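Below is one structure, written out as structure tokens; the observations come after it.
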Amino acid sequence: MEEKTKMLKEKLFRKSESGWYTSPNLDEIFDYAEGYIDFLNHSKTEREAVKYFKQKLDENGFKDICDVTSLAPGDKVYYINHHKNIYAAIIGSEDFKEGFNIIGAHIDSPRLDLKPNPLYEDTSLAMLKTHYYGGIKKYQWLNIPLSMHGVFIKKDGEKVEVNIGEDENDPIFTIADLLPHLSNWQEKKKLSEAIDPEKFNILVGSMPYTTEDEKDNVKLNVLSILNKKYGIVERDFVSSEIEFVPAFKARSLGFDRSMVAGYGQDDKACAYPSLTALLKQENLTRTSICILADKEEVGSMGNTGMSSHNFEYFIQKLMEKTNTKASIHEIYKNTLVLSADVTAAYNPNYQDIYEKNNESYLGHGLSLIKYTGSASKGGASDANAEYIGFVRKMFEEKNIAYQNSEMGKIGVGGGGTIAYILADRGMNVVDCGISLLSMHSPYEITSKFDLYNAYLGYQTFYQNAETFKD
Ligand code: MN
Ligand code: MN
């Protein structure tokens, strides 16, 4: 009798367990994570991620689509959009009208951007004013080591790239927080009001240019150093994109080294598997595309965000160079998409925020998320059941670990991804990324099992040769 009950449970119950129990390929998992950690340490901004991935694409036989006149099955191409966003594709043997297999992730992350006139001196300290980018819990960004990344465009058009604070011999920067001894007033405030973003001024110098006691000599010294090294003047800040990000190195986390702690894992934890999975592909039936978008953290707008028509420019180029006659709408209608973005992992420190039956858990595999959004499902990208059925079958046949979840209890918050933008274009889309702890913090946490499982799952998706009919 007992055996019968056990078998029936086995047959009928949904299973959710840590992938570490059954994972056969521990060496591959840990090796893959080493590559990922190296990627994180060299790609803290969207521009740096583009450079890193461009090199990988070049090494793996991908060509800039602007340099090829025609495309045939097996050909590999990419398009780099304004240095901050990549579309990469492998041409399949099937006609485009059957649709593409697309995996879309984003490579921008929350950070501190500089204001257009950032540099000033106050009481013999040189400071840089910032304007934060993306949703951050402000207290997490105070008194941590920050590094400076980005570009200046000088008056003559020359572009100067800057990266200070990553090398062990570089200086770092920080925002000086108030000492607890003088914080009684602040402790009484609501968390959202306790830290004023206008006080997000980064300390960058304290030595005067000369020994003469004159106004702004410390500011002058900072500018003089920047001028010597990069040839820039104060006005050049107006045509710059300078991002301050945590200077921490990504590291293995835990006695068992099973996790990765590092900055920018939203959404580089999905971007890396999305692209490295594409690099492995040959002889595809359906054309596969990897999107690495910018500006997701602030609404996906602009000419490098997912809403940009420059994506259509890329698709148009693919169509022209393959002599495709089908309409772009027909292609889109038949296109299959995984929106590869991270979701919240259940955090044991905050049990009452989560609804345990419907959360993602670190180490339990890819999160297949039917809908995002908030309390009323407002703004949700809600995947069709038929399409989710198609995707889960694909995963289950290849033993890809997946879980299905929401993000927290109803009404505690919410979020979105690029999913709705592609769904608006008529494509079949479901959110499918990995879960992380401490999202948007300077030091986010992922599971190495989930990363490798995403890599395998995304490969399975690119290899899918079936057309989806519902
Ligand atoms: Mn994200
Ligand atoms: Mn995010």
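Values below: every heavy atom of this structure, side chains too, minus hydrogens, waters and symmetry copies. Ligands are counted one by one from 1 in listed order, and the atoms in each one are counted from 1 as well. As the structure is a computational prediction, the values presented were derived from the model and not from experiment.
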**Message:** Less than 6.0 angstrom from the centroid, inside 45 degrees of the normal: does Lys138 satisfy that with respect to the ring of Phe200?
**Reply:** no
**Item:** Salt-bridge contact Glu243-Arg47 (side-chain N to carboxylate O under 4.0 Å)
**Value:** no
**Lys76/Glu282 salt bridge by N-O under 4.0 Å criterion** = yes
**Request:** Inspect the contact between Glu406 and Lys370 and indicate whether a charged nitrogen and a carboxylate oxygen are less than 4.0 angstrom apart.
**Result:** no
**Message:** Salt bridge check, Lys44 against Glu48: does any charged N sit closer than 4.0 Å to a carboxylate O?
**Reply:** no
**Polar protein atoms near the Mn ion (ligand 2) [N, O or S; cut-off under 2.8 Å]** = Asp266 OD2, Glu297 OE1, Glu297 OE2, His440 NE2
**Fill in**
Residue pairs passing the side chain to side chain donor-acceptor pair (under 3.5 Å) test with at least one member in residues 407-426, sequence neighbours excluded, are Glu312-Arg425, Ser339-Thr417, Thr417-Asp431
